[in-house]
Student: 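One structure coming up, written as structure tokens, with questions to follow.
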Amino acid sequence: MSSYPTKPTFAGDSEERIKRFLATASHDLQSPLRHIAMYAELLLDDLEETLDGEQLQSLRMIMEKAQTAQRLTKALMSLAGGTPQVTPEEVDLQALAENVWGELTDEAAVGEATLESNGLPSIRTDPALFGLVLRHLLTNALIYRSEAAPRVAIAAERAGTDWFIRISDNGTGIDPAYRERIFEPFWKMPKPGTVQGAGLGLTTAREFLTALGGDISLEHSDESGSRFIIRLPIA
């Protein structure tokens, strides 16, 4: 099984910037998310008898997503405060991966992207935190894609007391000069013609996995694509 690099030690000012960013963003999102969930619930109570099946499903989805975002922002605030609140439960990894993938491909309007993930197991973890880890990795696979249609494969295997989850893509790969930097906070891999994010995707993914008792590393990357490996404890 692959060995894992020591988690890099970032400069103190970068760590503090991340904590301030997470705490401020999460705090400011709590109120609007609470109101979205509340109004969606009120609409369901008032209009349930008058809406058709598709409309009800959409309204329930709004409420569920707002509630999920509320749980996530609370987890982010606790993470920023140094005492992460983790709520483990049995998670259908197959369903979670398909759900995240469906949301991302809809948002990015990537019609020919494919996900290969058949037969993924159920794992015990925090679904909000691990879902965001998947979201960061799959987002990168769609952003840093090659000229071919994006293709991502997710596979999981159990070894000893850990799950090892591999996420592979057929993207442009990561330049060797950047491979030691991809987990650094606020660092963004250059890609012409794309809107750059905050540069915290892989950084927060690693922080979430640390809170879950796991880790992540880049296992392989070349011109044919990249493969990340996640380690998560079974219990």
Side-chain angles (χ1 to χ4, degrees), residues 18 21-81 84-111 113-115 117 120 122-143 150 152 154 165 167 195 197-198 200-209 211-212 216 230 232:
I18 291 174
F21 176 86
L22 291 177
T24 301
S26 301
H27 177 271
D28 291 348
L29 285 170
Q30 277 292 305
S31 179
L33 287 170
R34 183 171 60 252
H35 281 85
I36 291 170
M38 179 183 69
Y39 285 125
E41 187 172 7
L42 289 173
L43 286 171
L44 274 172
D45 290 340
D46 292 342
L47 303 176
E48 187 170 6
E49 300 300 324
T50 63
L51 299 177
D52 62 31
E54 186 174 342
Q55 292 169 329
L56 277 174
Q57 184 179 3
S58 297
L59 197 50
R60 289 193 183 104
M61 183 68 71
I62 291 171
M63 186 174 68
E64 290 171 5
K65 293 301 182 184
Q67 291 170 342
T68 298
Q70 281 182 289
R71 291 194 295 270
L72 182 57
T73 53
K74 288 178 181 177
L76 287 171
M77 289 174 69
S78 70
L79 184 66
Q85 295 179 358
V86 175
T87 308
E89 60 184 74
E90 204 67 22
V91 176
D92 183 337
L93 183 56
Q94 180 71 37
L96 180 62
E98 290 177 355
N99 183 52
V100 172
W101 180 256
E103 290 177 355
L104 290 175
T105 51
D106 285 346
E107 292 169 11
V110 184
T114 57
L115 175 68
S117 60
L120 293 177
S122 290
I123 60 176
R124 187 164 181 80
T125 190
D126 186 303
L129 292 183
F130 193 72
L132 196 56
V133 170
L134 285 181
R135 188 176 183 90
H136 286 315
L137 290 167
L138 297 181
T139 295
N140 283 349
L142 292 173
I143 290 175
V152 175
I154 304 178
I165 302 165
I167 301 177
V195 178
L200 286 173
L202 288 175
T203 307
T204 53
R206 173 167 268 174
E207 291 296 329
F208 293 156
L209 286 167
L212 294 170
I216 182 173
I230 294 169
L232 270 183

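From a predicted model like this one, the values you see are computed outputs, not experimental measurements. Computation of the quantities below employed the complete heavy-atom set of this structure, encompassing side-chain atoms and omitting hydrogens, waters and symmetry-equivalent molecules.
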Student: With a 4.5 Å cut-off on side-chain heavy atoms, are L93 and I165 touching?
Tutor: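 Yes, side chains in contact.
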
Student: Between L202 and H136, is any pair of side-chain heavy atoms under 4.5 Å apart?
Tutor: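 No, every pair of side-chain atoms sits at 4.5 Å or beyond.
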
Student: Measure the spacing between CG of L44 and OH of Y39 and express it to the nearest 0.5 Å.
Tutor: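 OH of Y39 is found 15.0 Å from CG of L44.
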
Student: Identify the heavy atoms of D92 and S122 that sit nearest to each other, and give their distance.
Tutor: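 D92 and S122 have their closest heavy atoms at CA-OG, 3.9 Å.
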
Student: So, the side chain of R135 versus the backbone of V100: is there a donor-acceptor pair under 3.5 Å, distance only?
Tutor: no

Student: Tell me the closest heavy-atom pair linking K65 and N99, and the distance in Å.
Tutor: NZ-ND2, 3.4 Å

Student: If we only count heavy atoms from C-beta on, is the I167 to L134 side-chain gap below 4.5 Å?
Tutor: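 Yes, close enough: below the 4.5 Å cut-off.
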
Student: Does a side-chain heavy-atom distance below 4.5 Å link V86 with F130?
Tutor: no

Student: Taking all heavy atoms of V91 and all of P127, pick out the closest pair and write down the distance.
Tutor: CG2-CB, 3.8 Å

Student: Using a 6.0 Å cut-off, check whether atom CD of E54 has over 12 heavy atoms from anything other than its own residue.
Tutor: no

Student: Should D126 and F208 count as side-chain neighbours, where that means a heavy-atom distance under 4.5 Å?
Tutor: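 Heavy-atom side-chain distance check fails, nothing below 4.5 Å.
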
Student: Do L142 and L104 make a side-chain contact, defined as non-hydrogen atoms from C-beta onward lying under 4.5 Å apart?
Tutor: yes

Student: Measuring from R60:CZ to M63:CE, what's the distance to the nearest 0.5 Å?
Tutor: 8.0 Å

Student: Please check if the side chain of Q55 supplies one atom and the backbone of D52 the other of a donor-acceptor pair under 3.5 Å.
Tutor: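 Between the backbone of D52 and the side chain of Q55 there is a qualifying donor-acceptor contact (under 3.5 Å).
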
Student: Going through the checks in order, is the side chain to side chain contact (heavy atoms under 4.5 Å, CB included) test met by R34 and S31?
Tutor: CA-CA 5 Å; R34 183 171 60 252; S31 179; 3.8 Å; yes

Student: Indicate yes or no: at least one non-hydrogen side-chain atom of L115 is less than 4.5 angstrom from one of T105.
Tutor: no

Student: When I154 is tested against each of L120, I230, L137 for side-chain contact (heavy atoms from CB on, under 4.5 Å), which residue passes?
Tutor: L120

Student: In the structure I gave you, are the side-chain heavy atoms of H35 and P32 within less than 4.5 Å of one another anywhere?
Tutor: no

Student: Got a second to check how far L33's CG is from Q67's CD, nearest 0.5 Å?
Tutor: 10.5 Å

Student: To the closest 0.5 Å, what do you measure between CG (L129) and CD (E207)?
Tutor: 11.5 Å

Student: Could you give the distance from CD (Q57) to CD1 (I62), rounded to the nearest 0.5 Å?
Tutor: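 Separation between the atoms: 11.5 Å.
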
